[in-house]
Amino acid sequence: MTDDRTDDRTDDADPARGVFGISVASDLVGTGVQNLRAYERAGLLTPDRTSGGTRLYSPDDVARLRRIQRLLADGLNLAGVARVLDLEDDNTDLREQLDRALDAQAPTSSS
DNA sequence: TTTCTAACA
DNA sequence: TGTTAGTA
């Protein structure tokens, strides 16, 4: 029913391109807007910015914010969270390359 | 909406 | 140290 993607919907659902206001993002994660700014200041995430300087959080950023709160609740500080997020990000990229390399090496039964 | 400062746990 | 509150 809502599968009408043949309309004039040029922009596809890009999880990293969605735009949420800081108030919406803060509400989604269950925190205040000031906290989101503190996280950005700590380098935990970098939301996109509009021409007016308004922060635009994407669904991917919101998911990361939830991971941030998860790590904070685990006892980590902003510096520790930044470190974990950075490592996880690199790990995801490395795993993707590894999976691609393995698939290219053995697409079917190996020799 | 943004930024800053102040105070609290 | 991190969060909340109020303000311009």
Side-chain angles (χ1 to χ4, degrees):
Chain A
M1 296 39 175
T2 57
D3 203 288
D4 52 346
R5 52 168 25 118
T6 171
D7 265 335
D8 54 324
R9 199 173 281 263
T10 49
D11 64 77
D12 38 332
D14 196 340
R17 188 59 76 154
V19 281
F20 294 99
I22 185 166
S23 303
V24 177
S26 62
D27 186 52
L28 286 170
V29 300
T31 186
V33 298
Q34 199 68 293
N35 289 341
L36 299 186
R37 282 197 236 124
Y39 299 156
E40 185 204 19
R41 197 175 185 184
L44 304 184
L45 54 359
T46 349
D48 196 359
R49 283 236 196 177
T50 189
S51 53
T54 314
R55 291 176 174 83
L56 299 177
Y57 290 84
S58 59
D60 188 37
D61 288 338
V62 174
R64 183 164 297 190
L65 283 169
R66 292 195 179 183
R67 185 125 14 109
I68 290 165
Q69 291 204 318
R70 222 293 189 154
L71 294 167
L72 288 171
D74 199 47
L76 286 167
N77 57 0
L78 293 180
V81 174
R83 178 70 86 153
V84 172
L85 288 171
D86 187 39
L87 290 171
E88 287 195 339
D89 187 43
D90 281 350
N91 188 308
T92 302
D93 187 41
L94 290 171
R95 182 174 292 195
E96 192 175 333
Q97 292 183 22
L98 177 63
D99 184 51
R100 189 194 298 180
L102 290 173
D103 187 47
Q105 227 171 56
T108 172
S109 54
S110 54
S111 54

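By convention in this document, chain letters (A, B, ...) are assigned in the order of the sequence lines, proteins followed by strands, and residues within each chain are numbered from 1. As the structure is a prediction and not an experimental result, all values here were calculated from the model.
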Could you state the atom-to-atom distance from [atom1] of [X] to [atom2] of [N] in whole Å?
| X | N | atom1 | atom2 | answer |
| --- | --- | --- | --- | --- |
| Gln69(A) | dT3(C) | CD | P | 8 Å |
| Leu76(A) | dT3(C) | CG | P | 12 Å |
| Ile68(A) | dT1(C) | CD1 | P | 18 Å |
| Leu72(A) | dA9(B) | CG | C1' | 15 Å |

For atom CZ of Arg49(A), decide whether the heavy atoms of other residues, nucleotides or ligands shown that lie under 6.0 angstrom number more than 12.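 Check passes, neighbour count above 12.
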Hey, is the side chain of Tyr39(A) poking within less than 4.0 Å of OP1 or OP2 on dT3(C), counting only N and O atoms?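 Checking dT3(C) against Tyr39(A), a side-chain N or O does come within under 4.0 Å of OP1 or OP2.
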Range-with-range stems of DNA chain B (Watson-Crick or G-U pairs under 3.5 Å, three or more in a row):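 B:4-9 with C:1-6 - these are the stems of 3 or more pairs that involve DNA chain B.
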For a quick test of your reading: what N or O donor-acceptor pairs under 3.5 Å do the side chains of residues 67-75 of chain A make, sequence neighbours left out?
unit_1	atom_1	unit_2	atom_2	d
Arg67(A)	NH1	Glu88(A)	OE1	2.7

On a heavy-atom basis, which atom in Leu36(A) and which in Ser26(A) lie closest, and how many Å separate them?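 Heavy atoms of Leu36(A) and Ser26(A) come nearest at CD1-N, 3.4 Å.
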If you take all heavy atoms of Leu44(A) and Arg64(A), which pair is closest and at what distance?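 What the structure gives for the nearest pair is O-CD, 3.6 Å.
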For the residue pair Leu56(A) and Pro47(A), establish whether any side-chain heavy-atom pair is separated by less than 4.5 Å.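 Not in contact.
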State, with a plain yes or no, whether a side-chain heavy atom of Ile22(A) is found less than 4.5 Å away from one of Tyr57(A).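 The answer is yes; the side chains approach within 4.5 Å.
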For Arg37(A) and Gln34(A): C-alpha separation, side-chain torsions, deciding distance, then whether side chain to side chain donor-acceptor pair (under 3.5 Å) applies. CA-CA 5 Å; Arg37(A) 282 197 236 124; Gln34(A) 199 68 293; 2.2 Å; yes
If you measure only the distance, is there a donor-acceptor pair under 3.5 Å linking the side chains of Asp89(A) and Thr92(A)?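 No, because no side-chain N or O of Asp89(A) sits under 3.5 Å from a partner of the opposite role on Thr92(A).
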Report, as a single string ordered 5' to 3', how protein heavy atoms within less than 4.0 Å touch nucleotides 1-6 of chain B: B base, S sugar-phosphate only, - not at all. SSBBB-
